[in-house]
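Right, one structure below, let's go through it.
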Amino acid sequence: MRVIAKLDVKPPQVVKPVHFEGLRKMGNPGDLAYKYYAQGADEICYIDIVASLYRREILHELISDTAKRILVPFAVGGGVRNPDDFSKLFHHGADKVVINTGAIEDPSRIDAAAQIFGGQSVVVNIEAKRIADNSWVCYTDCGRIPTDRDVVLWAKEAEARGAGEILLQSVDCDGRQRGFDIALAKAVVDAVNIPVVVASGAGTLQHILDVAKQANPSGIALASMLHYDKTTIGDVKRFLIEHGVEVAV
């Protein structure tokens with residue numbers, strides 16, 4: 001299981017929202033990426049959370065600066081809509097590109113990117129909000145705009161179109177630090193055969209262990225616990241190993 005540091009960026013700062021709103025500045029993306037890389041993060045995930053909302057291109061200078069400071073896989077997303085956007089991000093140091101709003105607007109963008117760059121480099125970000133027991137819908141534009149797409153069905157479609165990975169976030173749990181939506185995580189993990197990285201909700205090491213044991217995702221993406229220095233990547237990995245979860249060391 002990968003332990004991933006997630007950077008939500010409103011350029012030029014990493015921010016920490018609650019329910020994708022109420023942004024609090026946390027620091028420079030390059031500095032924080034290096035900090036978590038040095039702690040042993042298996043991957044850094046960088047999401048420009050306002051690029052799609054503002055309908056602007058992601059700021060590539062920040063991507064380049066961050067990429068130069070780490071030697072682990074680097075996933076980047078925000079405002080991605082076409083193969084040229086993918087190409088620019090790879091040119092500036094991304095190893096994988098994360099797409100949400102652009103993919104829901106036109107799902108064929110997943111097919112095109114997978115065909116050109118390979119599915120392993122295409123990550124579909126799903127922002128999920130619960131609407132009933134065991135039922136969630138997809139949101140776009142940083143958790144602001146609801147769609148009529150069912151989360152589990154969309155995850156299956158993304159896989160069928162060639163996506164190599166899913167980043168699963170919960171609008172309901174984001175920033176609350178009260179635990180993951182484990183039912184959501186399990187539903188998506190069980191529905192697809194590609195890796196699923198689960199984010200949104202970690203407030204304690206036990207929360208991380210619970211979702212690891214009960215949903216068995218490929219990775220867990222952390223933000224609040226790291227930004228507020230409640231734990232380190234090393235502490236997370238040691239705790240998981242002590243409780244029988246295999247992680248990279």
Side-chain angles (χ1 to χ4, degrees), residues 1-2 4 6 8 17-21 45 47-49 51-53 75 77-81 96-111 113-114 119 122-202 207-208 210-224:
M1 181 170 294
R2 290 170 290 154
I4 297 165
K6 185 166 76 74
D8 297 308
V18 176
H19 301 313
F20 293 86
E21 297 181 349
C45 182
I47 306 291
D48 184 325
I49 63 172
S52 288
L53 187 65
V80 176
R81 282 185 167 76
K96 296 187 282 190
V97 171
V98 183
I99 183 170
N100 174 25
T101 302
I104 287 182
E105 289 175 346
D106 182 356
S108 69
R109 290 167 174 164
I110 301 172
D111 305 67
V122 181
V123 181
V124 171
N125 176 19
I126 298 178
E127 296 170 353
K129 186 172 180 61
R130 183 186 290 269
I131 57 172
D133 288 346
N134 298 315
S135 182
W136 303 264
V137 296
C138 298
Y139 271 57
T140 64
D141 297 277
C142 192
R144 285 173 169 78
I145 299 178
T147 74
D148 59 358
R149 286 190 172 270
D150 175 83
V151 164
V152 173
L153 293 179
W154 175 234
K156 291 180 177 180
E157 180 177 344
E159 178 183 26
R161 288 181 176 275
E165 185 170 286
I166 289 170
L167 171 63
L168 180 63
Q169 302 191 79
S170 166
V171 176
D172 303 297
C173 298
D174 177 72
R176 298 294 299 276
Q177 301 183 61
R178 297 179 181 176
F180 295 86
D181 185 336
I182 293 177
L184 167 66
K186 191 172 189 320
V188 174
V189 170
D190 290 348
V192 298
N193 295 307
I194 55 176
V196 177
V197 173
V198 176
S200 306
H207 290 156
I208 299 170
D210 288 343
V211 75
K213 289 281 194 178
Q214 296 179 49
N216 193 31
S218 170
I220 297 174
L222 304 175
S224 295

About how many Å separate [atom2] of [Y] and [atom1] of [X], when rounded to the nearest 0.5 Å?
X: D172; Y: E127; atom1: CG; atom2: CD; answer: 12.0 Å
X: E105; Y: I99; atom1: CD; atom2: CD1; answer: 8.5 Å
X: I47; Y: N100; atom1: CD1; atom2: CG; answer: 9.0 Å
X: I104; Y: I126; atom1: CD1; atom2: CD1; answer: 7.5 Å
X: C138; Y: D150; atom1: SG; atom2: CG; answer: 7.0 Å
X: K129; Y: Y139; atom1: NZ; atom2: OH; answer: 5.5 Å

Please give me the minimum heavy-atom distance between [X] and [Y], naming the atom from each residue.
X: R109; Y: G102; answer: NH1-O, 2.8 Å
X: R130; Y: N134; answer: NH1-N, 3.4 Å
X: G175; Y: S224; answer: CA-OG, 4.2 Å
X: E159; Y: A191; answer: OE1-O, 4.4 Å
X: L168; Y: A128; answer: CD1-CB, 4.4 Å

Give the C-alpha distance, both sets of side-chain angles, the deciding distance and a yes or no for side-chain contact (heavy atoms from CB on, under 4.5 Å) between I166 and I194.
-> CA-CA 7 Å; I166 289 170; I194 55 176; 3.9 Å; yes
When you check the side-chain N and O atoms of N125 and Q169, is any donor under 3.5 Å from an acceptor?
-> yes
Report yes if some heavy atom in the side chain of [X] is under 4.5 Å from a heavy atom in the side chain of [Y]; otherwise report no.
X: H207; Y: C173; value: no
X: D181; Y: W136; value: yes
X: T101; Y: R81; value: yes

Would you give me the side-chain donor-acceptor pairs under 3.5 Å for residues 210-220, sequence neighbours excluded?
unit_1: D210; atom_1: OD1; unit_2: Q206; atom_2: NE2; d: 2.8
unit_1: K213; atom_1: NZ; unit_2: H243; atom_2: O; d: 2.8
unit_1: S218; atom_1: OG; unit_2: R2; atom_2: NH2; d: 2.9

Is it true that atom NZ of K96 has more than 12 heavy atoms of other residues, nucleotides or ligands lying nearer than 6.0 Å?
-> yes
Taking R161 for its side chain and I110 for its backbone only, find out whether a donor-acceptor pair lies under 3.5 Å.
-> no
S170 side-chain N/O to S200 backbone N/O, donor-acceptor pair under 3.5 Å | no
For A202, check side-chain contact (heavy atoms from CB on, under 4.5 Å) against everything at least two apart and list the hits.
-> F180, I208, L222, M225
